[in-house]
Structure formats: structure tokens, C-alpha cells
Undergrad: 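Have a look at this one.
Values below: every heavy atom of this structure, side chains too, minus hydrogens, waters and symmetry copies. Note that this is a predicted model, so its numbers are computed, not measured.
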Amino acid sequence: MLVIFGVVILALVAALIVWFVISLRGPATDALEAKYMTADDRYVSVAGAQVRVREEGQADAPPVILIHGFTSSLETWDGWAEALSGDFRVIRYDLLGHGLTGPDPQQRYAPQERAEFLAELMDSLGIERASIAGNSLGGTIAWRFAATYPDRVEKLILIDAGIYQFNQVGDEPSEAPAAMKTFLTLAPQAGVISATRMTYGDPSRLTDERAQEIGDMMRREGNGEAYVAHIGEFTMPDPADMLAQITAPTLILWGGKDAMITPDQAPRAEQAIPDASVILYDDLGHVPQEEDAARTAADAKTFLTGGAS
């Protein structure tokens, strides 16, 4: 009898664990698509991957491509897209291993592979040349793309971009600690909220809706494992030679309260990129385009339309 009772208890505990893990992983992919896909979204077949792309504005307007950061998704650019779509063809996409794009069958997660993939995406969309803006990891992709394909970049905007070494990542990747792997693969909502608040200069600006979007996308099937795989490929070697190859006029935006990639990188990048200028936002954190979309988009629009930055 005791044996049977013990088996029943173990079965209940196992069921609770399974329920807990499933509840953390969030809704199924089709439910996320029903919730977050818009009329401006579509999946584009790019070099063996299905990529969620959102396009707004006039098809014949100058193209601007917006690239989000690590564990984020194209929703981070909602404010910028609204501000820029009257003058530009605004294109944003979920990176491989992120958002509704989901994991890459070929696991192309290294920074230079992501820059090469951007070229493939542009080819698939019929875009030869565009202005490129990127935040954090998206900024790393943007400047690497601009250095590798200078003829394909009209103007470049780097927002709290990964340029120089940070978090002890250099020429070789660092394995994610066990606790980070657990967080990335499960993404419990309380942890997502806590981590996201750290990216804001003023945590009170983070809305419940935005926190839910981030958590839902992180919990999309396969993304957590892709984040861990990304860390296993992420390096930050000396960028001097590549930065010197950038020919596009470049605007560097940085949050003065960025605790993830500190703002002292901004003047270093300004000196290293041939035609660059900096705007520092003393009160903003790591995601200025999200924390204060109106102010940062206005500066971006001025730069993109040819006015003084």
C-alpha cells in the first residue's frame, strides 16, 4: 500500500513539474502568430529559413531596415516604425532564433553570419541598398554589414550597439552559466520583467504589455535553445579594421544609463568610424528606441532625411 501511495505521489509531482514547465514555455507558436502577426507581417523564405518580416510605409520610398537586439523581437521598433513610415519603407524582421522566426535549422548565430544573412534577406526583398539601424546585437549586425557591404548602406544608425568587448567576451565565446541557460530556456515572466527593467534608464517606463510581448517571444518553441547556441558563437574581437571600412554616414545613439554596454563605447566608435556623430541620452538605458521612441525617432528621422543630427 505504501509503495502504491509513493508511486501516486511521484506521479503527481512529475505531472506538476511538467505542468510548471509547460506553463513557463507559454503558448504554442500558432497561438503566438494569432496574437502578434499583423496585416503588415509575412514569412519570407531566406537561405533556408522562414523569417517574419514586417513592412510599413510606401513601397517606393527609401528603405530603412531596423534590427532588434538579443532576446528581443521586431516589436521593439513599434514607435520608430510609426514615426518613420510616412517618409520611408520601414522593414523590420525577427532575427534567426528570435521572435516568430524561431530557431535557424542551420544555426547561423555568429555575428558575421548574421550580417551575411542580412544580405540574403535584402536580396530576397529586392533591396540593393538601404539605411540600416540596429540596437545592441542588432547594432553589431548593422556595423558588420556596413563594413562588409559598404555599397549597400545609405546611412547607418547604431543604438547602444555591441562594438567593443563587454561582459568579458572577446576573441573567444564564453559558455553561458547554468543559471543563465535556465533563464533563457524557460523565461519565467517574473524573471523577464526583472531583466527587462534593467535595460531601461527609468524602469517605470516598461509597460505590462511590452513585458508580456518580450516574455511570449522568448518562450516561443526553440528560441531558448537558440539563445544559448547564440552565446556559444558570440565573440567581440578588436573591431578597428572593420569599423574603418564603413563609408556610410553614421549616427551613434546611446543611453547614458546603459548598464549593459556602457556609454564610454560611444566616443570610441565615433573616433573609429570615418563619418560618425554621437547623441547621448542621459536619462535612457540600453534600449532608447523603446524607452523613448518619440525623442530617439525624431533624431533618427532628422539624420535620415539629411538634416543636422
Side-chain angles (χ1 to χ4, degrees), residues 14 16-37 41 43-53 67-76 92-118 120-121 134-138 140-141 162 166-169 172-196 198-199 211-236 260:
L16 284 171
I17 291 172
V18 170
W19 172 84
F20 179 69
V21 170
I22 291 173
S23 68
L24 286 176
R25 297 308 296 266
T29 302
D30 56 354
L32 290 176
E33 290 174 346
K35 184 176 182 180
Y36 290 113
M37 291 284 281
D41 287 8
Y43 284 104
V44 177
S45 180
V46 183
Q50 295 297 311
V51 181
R52 178 174 68 141
V53 176
I67 313 173
H68 67 77
F70 183 56
T71 72
S72 189
S73 65
L74 60 78
E75 279 80 9
T76 192
R92 39 187 171 142
Y93 67 104
D94 286 339
L95 294 173
L96 295 171
H98 291 73
L100 295 181
T101 293
D104 178 23
Q106 300 178 44
Q107 296 213 336
R108 290 162 290 187
Y109 299 136
Q112 189 61 29
E113 287 179 314
R114 291 189 183 277
E116 301 286 351
F117 190 83
L118 174 57
E120 298 271 12
L121 174 66
N135 169 238
S136 192
L137 170 62
T140 304
I141 298 165
F166 66 98
N167 290 341
Q168 288 75 55
V169 179
E172 299 295 329
S174 297
E175 183 177 357
M180 181 181 291
K181 289 181 180 178
T182 300
F183 169 71
L184 291 174
T185 53
L186 294 180
Q189 190 61 24
V192 170
I193 293 170
S194 178
T196 306
M198 293 176 64
T199 67
Q212 189 64 52
E213 286 176 346
I214 294 170
D216 283 348
M217 295 300 179
M218 289 184 69
R219 290 184 292 270
R220 189 252 190 228
E221 183 181 2
N223 280 354
E225 291 78 8
Y227 300 150
V228 174
H230 162 87
I231 291 174
E233 296 189 38
F234 188 71
T235 59
M236 296 295 294
M260 297 184 64

Undergrad: Ignoring hydrogens and angles, tell me if any N or O in the side chain of Thr182 forms a donor-acceptor pair with the backbone of Ala178 under 3.5 Å.
TA: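 Pair found, side chain donor or acceptor close to backbone of Ala178.
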Undergrad: Is there a side chain to side chain contact (heavy atoms under 4.5 Å, CB included) between Glu120 and Arg108 once you walk through the steps?
TA: CA-CA 12 Å; Glu120 298 271 12; Arg108 290 162 290 187; over 6 Å; no
Undergrad: If I take atom CD from residue Gln212 and atom CE from residue Met217, how far apart are they, to the nearest 0.5 angstrom?
TA: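 Between atom CD of Gln212 and atom CE of Met217 there are 10.5 Å.
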Undergrad: Checking Thr101 now: which residues fulfil side-chain hydrogen bond (donor to acceptor under 3.5 Å, both in side chains) with it, not counting sequence neighbours?
TA: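 In terms of side-chain hydrogen bond (donor to acceptor under 3.5 Å, both in side chains), with neighbours along the sequence ignored, Thr101 is linked to no residue.
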Undergrad: If the condition is side-chain hydrogen bond (donor to acceptor under 3.5 Å, both in side chains), which residues does Ser72 pass it with, not counting sequence neighbours?
TA: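 Scan of Ser72 (side-chain hydrogen bond (donor to acceptor under 3.5 Å, both in side chains), adjacent residues dropped) gives Arg210.
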Undergrad: Which residue pairs pass the salt bridge (Lys or Arg N to Asp or Glu O under 4.0 Å) test with at least one member in residues 92-102, sequence neighbours excluded?
TA: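 Listed by first then second residue: Arg52-Asp94, Glu56-Arg92, Asp78-Arg92.
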Undergrad: Would a distance-only check, ignoring hydrogens and angles, find a side-chain to backbone donor-acceptor pair under 3.5 Å from Asp104 to Ala49?
TA: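 Such a contact is absent between Asp104 side chain and Ala49 backbone.
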Undergrad: Within this structure, what is the OG1-CG distance for the pair Thr185 and Asn223, rounded to the nearest 0.5 Å?
TA: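 So the gap between those two atoms works out to 11.5 Å.
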Undergrad: Once salt bridge (Lys or Arg N to Asp or Glu O under 4.0 Å) is applied, what residue pairs with a partner in residues 177-187 remain, sequence neighbours excluded?
TA: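 Residue pairs with at least one partner in residues 177-187: Glu175-Lys181.
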Undergrad: Report the residues that fulfil salt bridge (charged side-chain N to carboxylate O under 4.0 Å, His left out) with Arg114, sequence neighbours left out, ordered by chain and then residue number.
TA: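 In terms of salt bridge (charged side-chain N to carboxylate O under 4.0 Å, His left out), with neighbours along the sequence ignored, Arg114 is linked to no residue.
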Undergrad: Is it the case that atom CE in Met37 sees more than 12 heavy atoms from other parts of the structure closer than 6.0 Å?
TA: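 Counting neighbours around CE of Met37, more than 12 heavy atoms of other residues, nucleotides or ligands fall under 6.0 Å, so yes.
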Undergrad: If you compare all heavy atoms of Thr71 against all heavy atoms of Ile214, which two are closest, and at what distance to 0.1 Å?
TA: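 Shortest heavy-atom contact: O-CG2, 4.3 Å.
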Undergrad: If you compare all heavy atoms of Ser73 against all heavy atoms of Gly99, which two are closest, and at what distance to 0.1 Å?
TA: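 Result for this residue pair: CB-CA, 4.1 Å.
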Undergrad: Less than 4.5 Å apart, any side-chain heavy atom of Met180 and any of Tyr227?
TA: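 No, their side chains stay 4.5 Å or more apart.
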Undergrad: Give a yes or no answer on whether the side chain of Glu213 reaches the backbone of Thr76 with a donor-acceptor pair at less than 3.5 Å.
TA: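 Side chain of Glu213 to backbone of Thr76: no pair is present.
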Undergrad: Quick one: side-chain hydrogen bond (donor to acceptor under 3.5 Å, both in side chains) partners of Tyr36, sequence neighbours excluded?
TA: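 Residues passing side-chain hydrogen bond (donor to acceptor under 3.5 Å, both in side chains) with Tyr36: Asp216.
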Undergrad: Who passes side-chain hydrogen bond (donor to acceptor under 3.5 Å, both in side chains) against Ser136, sequence neighbours left out?
TA: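 With sequence neighbours excluded, Ser136 shows a side-chain hydrogen bond (donor to acceptor under 3.5 Å, both in side chains) to His286, given in chain and number order.
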Undergrad: What residues form a ring pair (Phe, Tyr, Trp, His ring centres under 6.0 Å) with His68, not counting sequence neighbours?
TA: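 Ring pair (Phe, Tyr, Trp, His ring centres under 6.0 Å) list for His68, sorted by chain: His98.
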Undergrad: Looking only at heavy atoms, which two atoms of Ala47 and Gln106 are closest? And how far apart?
TA: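 Result for this residue pair: O-NE2, 3.3 Å.
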Undergrad: Which heavy-atom pair separates Ala229 from Gln107 by the least distance, and what is that distance?
TA: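 In terms of heavy atoms, the two residues are closest at CB-OE1, 4.3 Å.
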Undergrad: For side chain to side chain contact (heavy atoms under 4.5 Å, CB included), just list the numbers for Met218 and Leu184, CA-CA rounded to whole Å, side-chain angles, deciding distance to a tenth of an Å, and then say yes or no.
TA: CA-CA 8 Å; Met218 289 184 69; Leu184 291 174; 4.3 Å; yes
Undergrad: Which distance, rounded to the nearest 0.5 Å, do you find between the CZ of Phe234 and the OG1 of Thr140?
TA: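 If we round to the nearest 0.5 Å, Phe234:CZ and Thr140:OG1 are 5.0 Å apart.
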Undergrad: Ala110: what forms a side-chain contact (heavy atoms from CB on, under 4.5 Å) with it, not counting sequence neighbours?
TA: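 So Ala110 forms a side-chain contact (heavy atoms from CB on, under 4.5 Å) with Glu113, Glu233.
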Undergrad: Of all residues at least two apart in sequence or in a different chain, which pass the side-chain contact (heavy atoms from CB on, under 4.5 Å) check with Gln112?
TA: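 Result, side-chain contact (heavy atoms from CB on, under 4.5 Å) vs Gln112: Ala115, Glu116, Arg144, Thr148, Met242.
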Undergrad: List in chain and number order the residues that pass side-chain contact (heavy atoms from CB on, under 4.5 Å) with Leu121, two or more places apart in sequence or in another chain; answer none if no residue qualifies.
TA: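 Here the qualifying residues are Val46, Val53, Tyr93, Leu118, Leu125.
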Undergrad: Is there a side-chain contact between Tyr109 and Ile231, using heavy atoms and a 4.5 Å cut-off?
TA: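 Answer no - side chains too far apart.
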Undergrad: Under the rule for side-chain contact (heavy atoms from CB on, under 4.5 Å), what residues qualify as partners of Thr29, not counting sequence neighbours?
TA: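 Once residues adjacent in sequence are excluded, the partners of Thr29 under the side-chain contact (heavy atoms from CB on, under 4.5 Å) criterion are Glu33, Arg220, Glu221.
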Undergrad: Is there a side-chain contact between Asp41 and Leu100 in this structure, where contact means two heavy atoms from C-beta onward sitting under 4.5 Å apart?
TA: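 The answer is no, as the side chains (C-beta and beyond) never meet within the 4.5 Å cut-off.
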Undergrad: Donor-acceptor pair, Thr196 side chain versus Ala211 backbone, under 3.5 Å?
TA: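 Such a contact is absent between Thr196 side chain and Ala211 backbone.
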Undergrad: Measure across Ala226 and Gly97 and return the closest heavy-atom pair with its distance rounded to 0.1 Å.
TA: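 The pair with the smallest heavy-atom distance is CB-CA, 3.6 Å.
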